[in-house]
Amino acid sequence: MAASGTLVVYRAVFTALGLSMVGTLVYTCITDGSPFRAELLTPWMVTTLVDFYVNVIAISTWVVYKEVNWISSVFWVVLLFCFGSATTCTYIVTKLFEITPSGPSQDPLGHLLLRQDSLPERKYSFVTVGRTIFSILGILMAALVTYTVVTDGLPFRKDLLTPWMAATLFDFYIDVFAISVWVVHKESTWISSVIWICLLICFGSITTCGYIVVQLLQVSYQDPIYHVLLNSHSKYGIAPSQ
């Protein structure tokens, strides 16, 4: 019953968020026109978009891991880059409806995070490449934020909050929410969960990259790569089906 109730909550929350994002995009297009205008690309809008797409890369990495073939992976990744968190929510809800609470595990989020077949044994390359890529992305994002603060001032100004900036921030924080769900699942205490979520809210994809690198550093080369997705209670109680 607990697993079934959790599934219903996750489905409802991500469905509501996805519909809210679609509504926001439609409303902003109607009231403020197309987003493809040069005057919208202020320094902080560019920085926000880069921040947004670094998080999209993190989510896309999970999608590529999760999907069983490259065609479906490319399909979802293209949608993620085109429609952002609306696709994130759609993908999560789609996968949640594939989960039945009657399975051997009472952890529906564990089933959501894992792919449903075996992954080829290339643990070393996955871990090493992941550490390198997300370290570089985090450093570049931190440098970009610093540069924008120095050249354009702080972002806490009313003139920056245009309709499309507001829509972009809403889009951004829905993805942050999705990543935060994983963080809460991953962390062993509420204190560490709250700390990481606060850092995600304040520093965006810099924290996303930092968190992923920290988790990758805790994975040994003898462990299956999916261990990076799960908490310590789930690692040995659930595994991809063979």
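Keep in mind that this is a model prediction, so the values were computed, not measured. One is the number of the first residue; the rest follow in order along the sequence.
- Put simply, the side chain of D152 reaches to within 4.5 Å of the side chain of R157, judged on heavy atoms.
- With hydrogens and angles disregarded, a donor-acceptor distance shorter than 3.5 Å links the side chain of W164 to the backbone of G33.
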Item checked: Stepwise side chain to side chain donor-acceptor pair (under 3.5 Å) check, S73 with E67 -> CA-CA 6 Å; S73 296; E67 290 302 299; 5.6 Å; no

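- V56 is listed as a side-chain neighbour of Y53, based on a closest heavy-atom distance under 4.5 Å.
- Going from atom OG1 of T61 over to atom CD1 of I212 covers 7.0 Å, rounded to the nearest 0.5 Å.
- Clustering ILVMFWY residues whenever any of their side-chain heavy atoms sit less than 4.5 angstrom apart, transitively, puts W182 in the very cluster that holds I195.
- D175 CG to F170 CZ: the interatomic distance, rounded to the nearest 0.5 Å, is 11.0 Å.
- When all heavy atoms are compared, the tightest approach of M21 to S85 is CG-OG, 3.2 Å.
- Side-chain contact between Y173 and I201 is present, with heavy atoms from C-beta onward closer than 4.5 Å.
- Only one option out of T90, V93, I92, L96 pairs with T15 in a side chain to side chain contact (heavy atoms under 4.5 Å, CB included); it is V93.
- Placement of V54 and V129 within a single hydrophobic cluster is found when ILVMFWY residues are connected by side-chain heavy-atom separations under 4.5 Å, directly or transitively.
- S180 approaches L200 most closely through the heavy-atom pair OG-CD1, 3.5 Å.
- Nearest heavy-atom pair, I206 versus A142, reported as atom, atom and distance to 0.1 Å: CD1-CA, 3.6 Å.
- Between S72 and V68, the shortest heavy-atom distance links the atoms OG-N, 4.4 Å.
- The two atoms that bring L109 and H185 nearest to each other are CD2-CB, 3.3 Å, heavy atoms only.
- Separating the CG atom in D171 from the CG atom in L49 is a distance of 9.5 Å, to the nearest 0.5 Å.
- Separation of the F81 and W76 ring centroids does not fall under the 6.0 Å cut-off.
- Here the side chains of T88 and F14 are not in contact, with every heavy-atom distance at 4.5 Å or above.
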Next item on the list: Go through the steps for M141 and T47 under the test side chain to side chain contact (heavy atoms under 4.5 Å, CB included), then give the verdict.
Entry: CA-CA 8 Å; M141 192 63 233; T47 300; 3.7 Å; yes

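- Donor-acceptor pairing under 3.5 Å is lacking for the side chains of E187 and S193.
- The environment of F83 atom CZ is sparse: at most 12 non-hydrogen atoms of other residues, nucleotides or ligands sit within 6.0 angstrom.
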Next item on the list: Go through the steps for L140 and V50 under the test side chain to side chain contact (heavy atoms under 4.5 Å, CB included), then give the verdict.
Entry: CA-CA 10 Å; L140 290 176; V50 175; over 6 Å; no

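- In this structure, K66 contributes its side chain and S60 its backbone to no donor-acceptor pair below 3.5 Å.
- Looking only at atom types and distance, the side chain of S135 has no donor-acceptor partner in the side chain of T132 under 3.5 Å away.
- Scanning all heavy atoms of the two residues, the minimum distance from L160 to W44 falls at CD1-CD1, 3.7 Å.
- Residue M45 is grouped with residue L161 when hydrophobic side chains (ILVMFWY) are merged at heavy-atom distances under 4.5 angstrom, including chains of intermediate members.
- The shortest side-chain heavy-atom distance between Y65 and L114 falls under the 4.5 Å cut-off.
- When hydrophobic clusters are built by joining Ile, Leu, Val, Met, Phe, Trp and Tyr residues whose side-chain heavy atoms come closer than 4.5 Å, directly or via intermediates, L169 is grouped together with L41.
- Transitive grouping of hydrophobic side chains (ILVMFWY, heavy atoms separated by less than 4.5 Å) brings I133 and V63 into a common cluster.
- Taking the side chain as every heavy atom from C-beta outward, R37 and D32 approach each other to under 4.5 Å.
- Taking the side chain as every heavy atom from C-beta outward, L7 and F97 never approach each other to under 4.5 Å.
- Residues K186 and Y211 form a side-chain contact, since some pair of their non-hydrogen atoms from C-beta on lies under 4.5 Å apart.
- For the 3.5 Å distance criterion, the side chains of T48 and D51 fail to qualify, holding no donor opposite an acceptor.
- Remark: side-chain polar atoms of S192 are paired, donor with acceptor, to backbone N or O of T189 under 3.5 angstrom.
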Margin query: Does L112 form a side chain to side chain contact (heavy atoms under 4.5 Å, CB included) with Y10? I'd like the steps, not just the answer.
Written below: CA-CA 11 Å; L112 170 67; Y10 282 137; over 6 Å; no

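- Under the side chain to side chain contact (heavy atoms under 4.5 Å, CB included) test applied with L217, the options V213, V219, V214 reduce to a single match, V213.
- A donor-acceptor pair is defined here as one N or O able to donate and one able to accept, closer than 3.5 Å; such a pair exists between the side chain of T207 and the backbone of L199.
- To the nearest 0.5 Å, atoms CG (L113) and CG (L229) are separated by 5.5 Å.
- Here the CD1 atom belonging to I179 is positioned 4.0 Å from the OG1 atom belonging to T208, to the nearest 0.5 angstrom.
- Side-chain contact check for S205 and N55: no donor-acceptor pair (N or O, by modelled atom type) lies under 3.5 Å.
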